[in-house]
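One structure follows; several queries about it will come next.
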Amino acid sequence: MKGLVYHGEKKLRWEEVPDPEIGEDQLLVECRAVGVCGSDLHGYLGLTGRRIPPMIMGHEFSGVVRQTGKKVKRFAPGDRVCVQPIQFCGTCAFCSQGFQNICPNKKILGVMDFDGAMAELVAVNEDHAFGLAEGVSFADGSMVEPFSVTHAAVKQAPDLRGKNVAIVGAGTIGLCLLQFVVMGKPRRIIATDLSSNRLSIAGDLGAHTLVNSGQEDTVKAVLEATDGMGADIVFEAVGESPTARQSIDLAKIRGRIVWIGNSAKMVEIDMQKVVTTELNIQGSYGFTTETFKETLALMNAGKLRAERIISMKQPLSEGAAVFEKMLREKDRYIKAILVSD
Ligand SMILES: [Zn+2]
Ligand SMILES: [Zn+2]
């Protein structure tokens with residue numbers, strides 16, 4: 001088969017590699033759509049140490065079953081599937097308490113040296129594959145993974161009804177997250193970003209107040225939108241110092257802040273405000289298989305809108321050029337999906 005092999009910093013090549021071998025309880029899946037994650041872009045630049053060359057990236061994907069192992073019961077060749085890419089150990093203290101997402105023994109397809117889906121074929125465990133409905137495109141299917149990440153984050157702040165919610169950052173994560181916030185029926189949703197293009201999409205997807213942080217006083221705008229109180233709940237969906245700081249600035253006294261952005265390792269924040277106004281800061285990472293299944297059910301039922309977030313679909317074989325384009329024109333593109341037929 002052919003695969004998009006990462007050979008080190010800024011080196012990505014579409015080349016011949018051996019077909020993956022499948023075990024008795026595995027499926028061989030033809031990849032039809034795979035998303036380029038922010039973490040793939042950072043890995044491509046050699047910044048994180050979480051892509052160990054040579055390897056194949058790709059953890060957000062959907063495709064068609066080509067072949068099944070002897071013990072596989074739920075699938076047959078030709079089935080359309082969406083894949084939960086995180087393999088948890090299932091036996092550690094965290095897994096047994098239902099926190100599979102923070103399992104220290106987990107392995108993620110397309111991360112470190114574990115080959116993922118930016119290839120013609122990928123081997124997948126049967127219990128990680130779930131049916132993708134006929135009416136859902138493969139590209140939309142590949143978005144179930146980022147939607148699941150944000151679904152899990154919104155679960156960290158249950159009961160949004162009647163609350164004022166701020167979302168810092170309207171990139172892929174912010175725009176996916178916004179859709180679960182809307183389902184929680186808050187009083188007001190405020191989205192902040194530096195790009196008016198992203199903010200206008202946030203408006204179309206249900207945000208009531210759009211604040212361009214590069215052009216206006218964000219704290220003032222949020223206070224005006226919340227009767228001078230500040231936001232009950234703030235989601236930080238960027239992961240850099242200025243936005244982490246903003247998440248704290250926008251929260252009301254004793255408010256809840258959920259950090260999902262994961263980019264800079266160290267950030268500088270107003271710790272005094274955290275202490276003196278008794279803020280609750282909660283991190284959110286990944287998702288459990290349960291959350292993935294719930295998210296896929298929403299996608300299969302037509303309840304999630306991926307099309308406004310996907311800004312480009314390009315052939316998988318041209319993946320190297322897509323990575324470069326995404327890095328060169330950050331503001332223009334939100335999500336890129338690599339496709340094959
Ligand atoms: Zn990702
Ligand atoms: Zn575990």
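Values below: every heavy atom of this structure, side chains too, minus hydrogens, waters and symmetry copies. Numbering of ligands and ligand atoms starts at 1, following listing order.
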If only protein N, O or S atoms under 2.8 Å count, total around the Zn ion (ligand 1) =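 If we list every protein N, O or S atom nearer than 2.8 Å to the Zn ion (ligand 1), we get 3.
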Should His128 and Gln26 be marked as a side chain to side chain donor-acceptor pair (under 3.5 Å) after you check the CA-CA gap, both sets of side-chain angles, and the distance that decides it?
-> CA-CA 9 Å; His128 283 68; Gln26 285 194 307; over 6 Å; no
May I ask you to check whether Thr218 and Thr192 show a side-chain donor-acceptor distance below 3.5 Å?
->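 Distance-only check fails for Thr218 and Thr192.
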Between Thr226 and Gly230, what is the shortest heavy-atom contact and its length?
->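 Looking at all heavy atoms of both residues, the closest pair is OG1-N, 2.9 Å.
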Heavy-atom closest contact (Met183 atom, Leu304 atom, distance) =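 Reported closest heavy-atom pair: CE-CD2, 3.6 Å.
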Minimum heavy-atom distance Leu338-Gly319, with the two atoms named =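 Where Leu338 meets Gly319 most closely, the heavy atoms are CD2-CA, 4.0 Å.
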Establish, yes or no, whether the cationic atom of Lys106 lies under 6.0 Å from the six-membered ring centre of Phe88 and within 45° of the ring axis.
->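 Geometry flag: not set, cation outside 6.0 Å or 45°.
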To the nearest 10 degrees, how large is the angle at the Zn ion (ligand 2) between Cys103 SG and Cys92 SG?
->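 Rounding to the nearest 10 degrees gives 110°.
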